[in-house]
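For reference, positions follow the sequence shown, starting with 1. Not measured: the values here are computed from a predicted model.
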Amino acid sequence: MFGRWVADVSRKVPSLLKRVSLGMKPQVVFVLGGPGAGKGTQCSRIVENYSYTHLSAGDLLREERAREGSEFGQLIDNYIKEGQIVPVQITINLLKKAMEATMEKDETKFRFLIDGFPRNEDNLQGWNTVMDGKADVKFVLFFDCDNKVCIQRCLERGKSSGRTDDNRESLEKRIQTYLQSTRPIIQLYEKLGKVRTVDASRSVDEVFAEVKAILDKEA
């Protein structure tokens with residue numbers, strides 16, 4: 001009887017140790033850059049090659065906007081159409097739920113790329129308030145791309161994306177919002193030595209080669 005108990009414990013110990021070691025906070029990389037900088041494309045490449053889960057703040061908001069019965073759907077729709085930033089409480093709640101759901105499903109999935117967030121000081125303060133002690137931000141992956149290139153890419157994408165904000169009027173508003181609100185956040189993280197900048201105006205393969213070098217070094 002005692003021998004069987006010891007055997008049971010021995011089998012469970014590695015699993016328990018694994019749970020303790022992995023019962024850690026989410027490890028987060030913020031992915032920032034202007035609309036059309038290629039954040040989503042590069043995040044997909046990263047997920048294929050590294051153990052990261054990609055969470056797009058914009059995609060989560062669009063899914064919530066389209067979800068039947070959502071109390072925030074119309075509000076989110078209005079903000080997105082105007083190229084404005086959705087209230088931080090809504091965005092962080094969606095991100096937090098998505099991370100929790102991922103980690104509950106698979107305890108080894110604790111590394112996250114959060115794409116398009118934080119987009120302004122309000123976002124950052126909200127994150128620090130809600131997620132303080134609950135997630136570790138490793139660094140910001142910044143896709144630096146000329147605004148004209150960004151706009152042209154989005155207009156091309158808009159031919160097939162079905163996104164209501166892939167039009168010139170919305171794009172110009174989004175670029176201005178990015179310059180006024182998001183660039184200062186990137187500069188803040190630069191002062192902390194936590195920004196890894198990639199020249200995103202090049203081809204997808206060239207950009208990913210630089211991303212890969214950054215991630216291999218960070219690992």
Side-chain angles (χ1 to χ4, degrees), residues 24-61 83 85-86 88 91-92 94-96 98-99 110-151 153-154 171 174-219:
M24 57 196 310
K25 305 169 191 173
Q27 308 292 294
V28 172
V29 172
F30 287 142
V31 182
L32 294 175
K39 300 184 295 297
T41 299
Q42 293 300 322
C43 282
S44 295
R45 286 283 190 97
I46 294 170
V47 169
E48 288 174 7
N49 292 271
Y50 297 88
S51 58
Y52 280 92
T53 298
H54 175 211
L55 298 178
S56 164
D59 285 349
L60 289 171
L61 287 166
I85 294 170
V86 174
V88 65
T91 306
I92 293 178
L94 294 174
L95 288 168
K96 187 168 178 286
M99 285 192 288
F110 57 89
R111 293 187 179 92
F112 295 91
L113 301 166
I114 298 186
D115 165 10
F117 185 92
R119 293 181 63 194
N120 62 8
E121 187 177 348
D122 186 46
N123 275 188
L124 182 58
Q125 289 179 351
W127 173 271
N128 290 338
T129 299
V130 175
M131 301 303 292
D132 182 39
K134 298 175 184 175
D136 290 331
V137 178
K138 309 307 288 183
F139 59 92
V140 172
L141 188 58
F142 170 39
F143 290 98
D144 192 12
C145 189
D146 182 80
N147 293 336
K148 290 181 180 178
V149 173
C150 285
I151 289 175
R153 285 178 179 173
C154 287
L171 284 167
R174 288 164 63 197
I175 290 286
Q176 286 308 308
T177 298
Y178 162 71
L179 292 174
Q180 294 167 8
S181 302
T182 309
R183 282 305 296 260
I185 298 302
I186 296 166
Q187 290 162 359
L188 177 63
Y189 274 105
E190 280 176 339
K191 291 177 183 176
L192 299 173
K194 297 185 79 170
V195 172
R196 310 292 180 264
T197 303
V198 177
D199 177 2
S201 62
R202 299 167 298 167
S203 72
V204 171
D205 289 340
E206 288 173 318
V207 173
F208 185 65
E210 189 171 347
V211 169
K212 193 171 184 299
I214 290 169
L215 292 179
D216 288 345
K217 184 178 180 180
E218 291 294 335

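- Taken from OG in Ser44 to OH in Tyr52, the straight-line distance is 15.0 Å, to the nearest 0.5 Å.
- No side-chain heavy atom of Ile46 sits less than 4.5 Å from a side-chain heavy atom of His54.
- Thr41 pairs by the side chain to side chain donor-acceptor pair (under 3.5 Å) definition with nothing, not counting sequence neighbours.
- The salt bridge (Lys or Arg N to Asp or Glu O under 4.0 Å) test applied to Lys148 returns no partner, not counting sequence neighbours.
- Considering every non-hydrogen atom in both Thr182 and Pro118, the closest pair reads CG2-O, 4.1 Å.
- Looking at residues two or more places apart in sequence or on another chain, you find no salt bridge (Lys or Arg N to Asp or Glu O under 4.0 Å) involving Lys138.
- Residues Ala57 and Gly116 approach most closely at CB-O, 3.9 Å, considering heavy atoms.
- Qualifying side-chain contact (heavy atoms from CB on, under 4.5 Å) partners for Asp132, counting only residues two or more places apart in sequence or in other chains: none.
- To the nearest 0.5 Å, atoms SG (Cys43) and CD1 (Ile114) are separated by 10.5 Å.
- In this structure Glu218 satisfies the side-chain contact (heavy atoms from CB on, under 4.5 Å) test together with Phe139, Arg196, Ile214, sequence neighbours excluded.
- Checked against salt bridge (Lys or Arg N to Asp or Glu O under 4.0 Å), Arg153 has no partners two or more places apart in sequence or in another chain.
- By the 4.5 Å heavy-atom criterion applied to side chains, Phe117 and Leu55 are not counted as neighbours.
- Using a 4.5 Å heavy-atom cutoff, the side chains of Leu32 and Arg183 are not in contact.
- Applying the side-chain contact (heavy atoms from CB on, under 4.5 Å) test to Ala135 and every residue at least two apart in sequence or in another chain returns Pro26, Val28, Trp127, Met131.
- Considering every non-hydrogen atom in both Glu210 and Asp199, the closest pair reads OE1-N, 3.8 Å.
- Taking each heavy atom of Cys150 and Pro35 in turn, the nearest pair found is CB-O, 2.9 Å.
- Counting only heavy atoms from C-beta outward, the side chains of Tyr50 and Lys212 approach each other to under 4.5 Å.
- Partners of Val88 according to the side-chain contact (heavy atoms from CB on, under 4.5 Å) rule, which considers only residues two or more places apart in sequence or in another chain, are Ile92, Asp122, Asn123.
- Listed by chain and residue number, Glu100 satisfy the side chain to side chain donor-acceptor pair (under 3.5 Å) test with Lys96 (two or more places apart in sequence, or in another chain).
- Ser201 contributes no side-chain N or O that, together with a main-chain N or O of Asp146, makes up a donor-acceptor pair within less than 3.5 Å.
- When the side chain to side chain donor-acceptor pair (under 3.5 Å) test is applied to Asp144, no partner is found at least two apart in sequence or on another chain.
- At least one side-chain heavy atom of Asn49 sits less than 4.5 Å from a side-chain heavy atom of Phe208.
- Other residues, nucleotides and ligands contribute over 12 non-hydrogen atoms within 6.0 Å of the CD atom of Glu206.
- Closest non-hydrogen pair, Thr197 versus Glu190, comes out as OG1-OE2, 4.4 Å.
- Salt bridge status for Arg45 with Asp205: present, with a side-chain N to carboxylate O gap under 4.0 Å.
- Summarising the geometry, atom CD belonging to Glu121 is positioned 7.5 Å from atom CG belonging to Leu124; distances are rounded to the nearest 0.5 Å.
- Leu171 approaches Cys154 most closely through the heavy-atom pair CD2-CB, 3.3 Å.
- Contact of the Thr91 side chain with the Leu60 side chain is not registered, since no non-hydrogen atoms from C-beta on lie closer than 4.5 Å.
- Residues forming a salt bridge (Lys or Arg N to Asp or Glu O under 4.0 Å) with Asp136 (at least two apart in sequence, or on another chain): Lys25.
- Residues passing the side chain to side chain donor-acceptor pair (under 3.5 Å) test with Ser181: none are found, sequence neighbours excluded.
- Side-chain contact between Asp115 and Phe143: absent, with no pair of heavy atoms (C-beta onward) separated by less than 4.5 Å.
- Rounding to the nearest 0.5 Å gives a distance of 11.5 Å between CD of Gln180 and CG of Asn120.
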